[in-house]
Amino acid sequence: MIRWGLTLRKNNPINKIEHHYDKIIQSCNTLQILTQIHSILTTTGIIKQSVHLTARIIIKYSNFLHLQTARHVFDSTDHDTSSFLWNTMLRAYANSGFSSDALEFYSLMRKADFTPNNYTFPFVLKSCAASLLITHGKLVHSEVLRTGFGSDVYVEAALVDMYAGCGIIDDARKVFDKMSKRDVVCWTAMITAYEQAERAETALCLLDQMQQEGFVMDWVATVTVASAVGQLGDAKRGRAVHGYAVRNGLLYEVPVVNSVLAMYAKCGEVEFADMIFERAEERNVITWNSMLTCYVQNGLASEALDLFERMKTSDVNLNQVTVLIVVSACSYLGSRQQAAKIHDFIVQNKIDINQTLRNAIMDMYAKCADLDTALKMFKEIPVNQLDVSAWNTLIAGYGMHGYGKHALNVFNQMKDENFQPNHITFTSVLSACSHSGLVNEGKKCFAEMEIFSVAKEPKHYACMVDMYGRAGLLNEAYELIKDMKSHANDEVWGALLLACKIHGNTNLAEVAADNLFHLEPQHTGYYVLMSNIYADSRNWQEVGNLRRDMKNKGLRKPAAVSLIEVNNELYGFRTGEHMDSFTRNVYQKVERVVVELKMEGYVPDLSCVFHDVEDEDKHGMLNYHGEKLALAFGLMNVDAGLPIFINKNLRVCSDCHSVFKLVSRVYGRKIVVRDVNRFHHFEDGLCSCNDYW
DNA sequence: GGGACTATAC
C-alpha cells in the first residue's frame with residue numbers, strides 16, 4: 001500500500017492525476033523518461049497545481065545527479081509559500097553529496113527569512129558532517145536548541161551522525177545518551193559511529209544493549225553489524241550474522257548481501273563469500289566489487305581478474321572503484337600483459353583517472369617490473385594534480401627495485417618542491433634505504449621525521465630494524481626495539497627474526513620468535529622462519545618441535561608458487577610438484593641447466609633444504625624449487641633477446657639466487673624476479689640487490 | 001515531505 005503525502009485529499013480531481021503521475025515518476029529509471037514526464041506536467045500545467053509532484057520531480061532529478069535541473073524546477077515555483085519545497089531542495093542537495101551547495105542553499109533560506117524546522121535540520125547537519133565543518137555543525141546545534149527542535153528524534157539522530165561524521169564520537173555519544181526516545185535508526189547511527197571509528201567491539205556491545213531494550217535489527221542495522229564483525233575478522237560471529245539475515249529474509253536487500261559478502265571476505269572465508277555471490281538474487285556494482293576485493297584480499301588475484309572478465313559481460317555498469325580493485329589485483333599478480341590490458345581498458349572506456357587511480361596504476365606498473373612506464377606516467381602528471389601520494393608511489397617504486405639512491409633523489413626533489421612528506425613517504429624512503437643497504441642515509445631520514453612532525457610508527461621502526469638487520473648490525477636493531485618499550489609489534493620483531501636468519505644468529509632469533517609467537521600465535525610465516533633458522537644450525541630436534549607445534553595449532557606452511565608469463569599466458573610452478581607430461585621436460589631442463597652450471601663452478605647450497613634427509617635427496621628437492629622450474633620453463637619458451645619475468649609469493653632462497661645469477665651470465669639472459677619483498681634484476685652474473693635481500 | 005548502510009589505498 002502506498003502512503004500518500006499530507007497534500008493529498010481524496011475526491012479532489014487533481015489528486016487522481018497526482019496519484020497517477022506520482023507512480024510514474026517514482027518508477028521511472030532513466031533521465032530521458034523523467035524529462036519527458038516533466039515536460040508533460042509542465043505543458044499541461046499540472047505541476048503548477050501540485051507541490052507534491054514538484055517535490056517528487058526535484059528529488060528524482062537529484063537522484064540522477066542533475067541538481068541544476070532540480071534547482072531550475074525549484075526556482076520556477078512559488079516556493080516562498082511552501083516550506084516543504086525549500087526543504088525538498090535542501091534535501092536534494094544534501095542527499096546527493098552536494099554538501100557545500102546544500103550549505104550555501106541553507107544560508108539562502110535564512111536570507112529569505114525561512115524558519116528552519118525539524119525537516120530542515122537533519123539535512124543541514126548531514127551536509128556539515130560531509131564537509132567536515134564541525135564549527136558550522138556546532139552552530140547549527142545551538143540553533144536547533146534555540147528553535148526548540150532539540151528533542152525531535154530525526155534531528156537528534158542527525159546530530160549524532162554529525163558529531164560522529166566529524167570524528168567527535170564522544171559528543172555523538174553525549175547527544176545519544178540524552179535522547180528521551182530512541183528508535184532503530186538512532187541506535188544504528190550510534191553503532192555505525194563506533195564501527196566507522198574502528199571500535200567494532202564497542203559497536204557490538206551497543207547492539208546488545210539495543211536488543212535488550214527490545215529493538216530488532218532491521219536490514220540497515222544488519223549491514224553495519226556485518227561490517228563490524230568483518231573488522232574483527234571473527235568468522236564464528238560472521239556466520240551468526242549471516243544466519244540472522246537468512247532467518248529474517250534480509251538477504252533480499254542487496255546491501256545486506258554486499259555487507260555479508262564483504263564480512264566473509266575479511267574473515268578469510270572465501271568459499272562462503274563465493275556462495276553468497278553466486279546465490280544472490282540481485283547484484284549491483286558493489287556486489288561485484290566486494291567479490292573482487294574478497295579475492296584480492298585473500299591472495300587470489302588471478303580469480304579476481306577472471307571475475308572481472310565475467311563482470312564485463314554482465315549487465316552491471318562497472319565504475320572507478322572496480323578498476324581500482326582490478327589494478328591492485330594486477331599489482332599482486334605482477335603480470336605485465338594484464339597491466340597493459342587493464343590500463344588500455346581504462347583509457348578505452350574513458351574511466352575517469354583521478355589521483356588515487358593514477359597512483360594505483362603507477363604502482364601496478366612498478367610491481368609488474370615496468371618502472372619505465374610508471375616514471376613516464378609520473379612525468380605526465382599536470383602540476384596542479386601532483387600530490388604527496390604520487391611522489392610516494394615513485395619513491396616506493398624505486399625502493400622495491402633496489403634503486404635506493406634514485407628513491408632518495410626523488411625524496412629530496414619532493415622536499416625541494418615544498419611537498420610535505422607524510423608517514424607513507426617515510427615508510428617508502430626507509431624501506432628503499434633498507435633494500436639498498438644505505439644505513440647512514442636511512443638513519444638520517446629516520447631523524448628527519450621529527451623535523452616534518454611525522455610520528456614514528458611501528459612500521460617505521462620495522463624498516464629501521466630491517467635495515468640494521470640486513471646490514472648485520474643486529475645489536476643496533478635489537479637496541480632500537482628495546483627503545484620502543486612495549487610498542488614493538490609483530491612487524492618489528494619479524495624484521496629482526498629475518499635478520500637473524502640471514503646472519504645465522506639463533507639466540508637472538510629465539511628472543512624475536514618468543515615475542516612473535518606471543519603477539520601473533522596464528523601467523524604461519526614466523527614458525528616457518530624460526531624452523532628454518534633451526535634447520536640452518538642443524539638443530540633438527542627444535543625443527544621437529546616447531547613442526548608439531550604448528551600441526552597442533554592447525555597451521556600449514558603456505559605453498560611456494562612461482563609464476564611466469566609466456567606468450568600472454570601465466571604458468572605457475574610449485575616446489576616439489578609432481579611430474580606429469582607437461583612438466584617432465586621442464587624437470588629435464590632444470591637437470592641439464594644444473595649440470596652446465598656446475599661446470600661453471602656452481603655448488604648447490606644444501607642449507608636451503610630444510611628437511612632432515614640425506615644429501616642426495618636434498619639435491620632433488622633443491623632443484624625442484626618452483627622458481628628454478630619457472631626459470632627452466634622460461635629458458636625454453638621465452639625468445640632469446642627478451643627478459644624472463646618470474647614472480648614468487650615468498651622470499652627467494654639463496655641457492656636459487658646464485659643459480660639465477662649464473663644463468664644470467666652463462667646463458668646471456670636478463671632475468672627479473674619479484675619476491676615477496678622486492679625485485680631482483682639479474683644480468684651478467686650480478687643481481688641488482690647486490691646479494692643483499 | 002525526512003533519517004541510519006555495503007565496495008577503494010602508496
Side-chain angles (χ1 to χ4, degrees), chain A residues 3-8 51-52 54-56 58-59 82-88 90-91 94-95 117-123 125-126 152-161 164 183-193 195-196 218-228 230 253-263 265-266 284-294 296-297 318-328 331 354-364 366-367 387-397 399-400 422-425 427-428 431:
Chain A
R3 277 178 57 123
W4 297 106
L6 297 174
T7 47
L8 290 177
V51 177
H52 182 85
T54 310
R56 277 266 193 265
I58 290 175
I59 293 298
S82 165
S83 70
F84 173 36
L85 282 183
W86 280 100
N87 285 335
T88 302
L90 180 68
R91 174 185 160 205
N95 282 354
N117 57 26
N118 52 326
Y119 290 95
T120 320
F121 288 123
F123 303 117
L125 289 165
K126 183 178 185 169
D152 181 281
V153 213
Y154 287 84
V155 179
E156 285 175 300
L159 281 166
V160 169
D161 248 6
D183 58 11
V184 191
V185 178
C186 310
W187 280 99
T188 311
M190 198 60 233
I191 293 169
T192 304
E195 188 268 324
Q196 303 275 10
D218 65 358
W219 71 264
V220 182
T222 309
V223 166
T224 294
V225 170
S227 29
E253 298 287 348
V254 186
V256 177
V257 171
N258 298 346
S259 64
V260 172
L261 200 165
M263 173 189 75
K266 287 181 188 133
N284 61 17
V285 65
I286 298 183
T287 323
W288 287 88
N289 289 352
S290 304
M291 196 61 227
L292 288 170
T293 304
C294 172
V296 177
Q297 284 176 349
L318 48 85
N319 60 18
Q320 207 192 34
V321 177
T322 314
V323 293
L324 196 57
I325 300 165
V326 174
V327 163
S328 74
S331 303
N354 63 2
Q355 274 136 307
T356 312
L357 182 56
R358 183 178 23 237
N359 294 338
I361 297 172
M362 278 168 46
D363 181 56
M364 169 181 75
K367 288 193 176 136
D387 62 352
V388 196
S389 24
W391 288 97
N392 292 350
T393 309
L394 193 62
I395 294 170
M400 69 179 89
N422 61 17
H423 63 118
I424 296 158
T425 319
T427 314
S428 309
S431 121

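Chain letters run A, B, ... following the sequence lines, proteins first and then strands; every chain starts at 1.
Closest non-hydrogen pair, Ser259(A) versus Val223(A), comes out as OG-CA, 3.5 Å.
Contact annotation for Asp218(A): base contact, defined as any heavy-atom pair under 4.0 Å involving a base atom. Among the heavy atoms of the strands lying under 4.0 Å from Ser83(A) is at least one base atom, whether or not backbone atoms are also near. Within the nucleic acid shown, Val153(A) comes within 4.0 Å of at least one base atom, counting heavy atoms only. Residue-level contact check: Trp288(A) touches neither bases nor backbone, having no heavy atom under 4.0 Å from any strand.
Between atom OG1 of residue Thr393(A) and atom CG of residue Asn359(A) there is a gap of 4.0 Å, rounded to the nearest 0.5 Å.
With sequence neighbours excluded, no residue satisfies side-chain hydrogen bond (donor to acceptor under 3.5 Å, both in side chains) with Thr293(A). Remark: Ala396(A) engages Ser428(A) in a side-chain contact (heavy atoms from CB on, under 4.5 Å) (not counting sequence neighbours). Listed by chain and number, the residues in a ring-ring contact (aromatic ring centres under 6.0 Å, His included) with Trp391(A) are Phe378(A), Phe419(A) (sequence neighbours excluded). Arg91(A) pairs by the side-chain hydrogen bond (donor to acceptor under 3.5 Å, both in side chains) definition with nothing, not counting sequence neighbours. Evaluation of the side-chain hydrogen bond (donor to acceptor under 3.5 Å, both in side chains) rule for Glu195(A) yields Gln231(A) as partners, not counting sequence neighbours.
Separating the CD1 atom of Ile59(A) from the C1' atom of dG1(B) is a distance of 9 Å, rounded to the nearest angstrom. Protein atom CG of Asn95(A) is 12 Å distant from nucleotide atom C1' of dG1(B), rounded to whole Å. When rounded to the nearest whole Å, the span between CG of Asn117(A) and P of dG3(B) equals 14 Å. Summarising the geometry, the separation between CD on Glu156(A) and C1' on dG2(B) is reported as 15 Å, rounded to the nearest angstrom. We find that CG of Asp161(A) is positioned 12 Å from P of dG3(B), with the value rounded to whole Å.
Judged by distance alone, with hydrogens and angles left aside, Asp183(A) brings a side-chain donor or acceptor within reach of the base of dG3(B), the pair sitting under 3.5 Å.
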Show the distances under 3.5 angstrom between N or O atoms of the protein and N or O atoms of nucleotides 6-10 of chain B.
{"unit_1": "dT6(B)", "atom_1": "OP1", "unit_2": "Gln196(A)", "atom_2": "NE2", "d": "3.1"}
{"unit_1": "dT6(B)", "atom_1": "O2", "unit_2": "Asn258(A)", "atom_2": "ND2", "d": "2.8"}
{"unit_1": "dA7(B)", "atom_1": "OP1", "unit_2": "Lys266(A)", "atom_2": "NZ", "d": "3.2"}
{"unit_1": "dA7(B)", "atom_1": "O4'", "unit_2": "Ser290(A)", "atom_2": "OG", "d": "3.3"}
{"unit_1": "dA7(B)", "atom_1": "N3", "unit_2": "Asn289(A)", "atom_2": "ND2", "d": "3.0"}

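Here Asn118(A) does not reach the OP1 or OP2 of dG1(B): none of its side-chain N or O atoms lies under 4.0 Å away.
Evaluation of Tyr119(A) against the base of dG1(B) yields a stacking contact (centre distance < 5.5 Å, interplanar angle < 30°). In this structure, Trp187(A) does not count as stacked on the base of dA4(B) under the 5.5 Å centre distance and 30° plane angle limits.
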